[in-house]
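Contents: one structure, followed by commentary.
Counting starts at 1 for both ligands and their atoms, following the listed order.
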Amino acid sequence: MIEPTVELLTVAQTGVDLTQPEVFQRVQENVLLNLSFWANIALAGGSILLFVYLGREIDDPRSQLIFVSTLLVPLVSLSSYLGLASGLTISFLEMPSGHALAGEAVLTMWGRYLTWALSTPMILLALGLLAGTNLTKLFTVITMDIAMCVTGLAAALTTSSYGLRWAWYLVSCAFFAVVLYILLVEWPEDAAVAGTSDIFGTLKNLTVVLWFGYPVFWALGAEGFAVVDVAITSWAYSLLDIGAKYVFAYLLLRWVAAHEGTISDLTTSRRGTAAAVDD
Ligand code: RET
């Protein structure tokens, strides 16, 4: 029953450049979409308070760095969702021929891809520090991850050719493959040496499984094959975000607060190779 309304509010007539107040109004009128933003804003706010509380007594510098990078995740998220809720980082883009919604202007939440370029490196920095990785792997994973987000943004913003949208998508997947390789092959070995295998294993599994959901929903949503409605895609991203960010961050910070000694030993024993970030 709600489908016609959703359609009407997420697909605009072409040739019409919507102003920011108009985009904002469309977001507000699409209750399902708007709720997916505000639920995450509330969650980000609550998480920031909880995380500050969890990290209040952390003294070790490496643990503090894990704490700050983890805290940045909900901080970026709050800003990201405010951008979406205000219509600032949403555009109606006309889809090229070949696309299921060719010729129609589709609501594109490009702000998501942009802010992922800031939040996902923080998740990886925290994970890498936990695994006791070296600077080379940390640099590699973070730059590849940023490249994944920026090329994902390019895929969403390309309106000249349907084929090129998918070309950008594939480039982004190639960067994602490098991130997965480091997460699944390199870091488990480092974590075993560091003595953080248990918690690293849990967080790695959570991360890998949930991160896979993002390219899947991109492909199914309005940006890709358009078999899933924009509001549903937005909720899918919002739910994935809850696991990939808040559950992840909570488990990590709870562990770090209780095992500061393990992280601190890691700094001392690997100084000169892995721990250059503390210098
Ligand atoms: C895109 C589309 C292009 C192909 C690939 C993608 C991957 C996105 C991922 C996003 C993870 C986001 C997280 C956000 C938390 O704040 C850009 C969807 C591979 C993996 C964890």
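Annotation: ring pair (Phe, Tyr, Trp, His ring centres under 6.0 Å) contacts of Tyr237 (sequence neighbours excluded): Trp116, Tyr214. Among residues two or more places apart in sequence or in another chain, the side chain to side chain contact (heavy atoms under 4.5 Å, CB included) test is passed with Ile41 by Trp38, Leu78, Tyr81, Leu82, Ala85.
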Provide, line by line, the atom pairs where ligand 1 and the protein bring an N/O atom each to a distance under 3.5 Å; else say none.
from, atom 1, to, atom 2, distance (Å)
ligand 1, 16 (O), Ser119, OG, 3.0
ligand 1, 16 (O), Lys245, NZ, 3.1

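Rounding to the nearest 0.5 Å places CG of Asp190 at 4.5 Å from OG1 of Thr133.
For the side chain to side chain donor-acceptor pair (under 3.5 Å) condition, the pairs that include at least one residue of residues 119-129, sequence neighbours left out, are Thr120-Asp145.
A cation-pi arrangement is absent between Arg165 and Tyr162, since the terminal nitrogen or guanidinium carbon is not both under 6.0 Å from the aromatic centre and inside a 45° cone about the axis.
Centroid-to-centroid, the aromatic rings of Trp166 and Tyr169 come within less than 6.0 Å.
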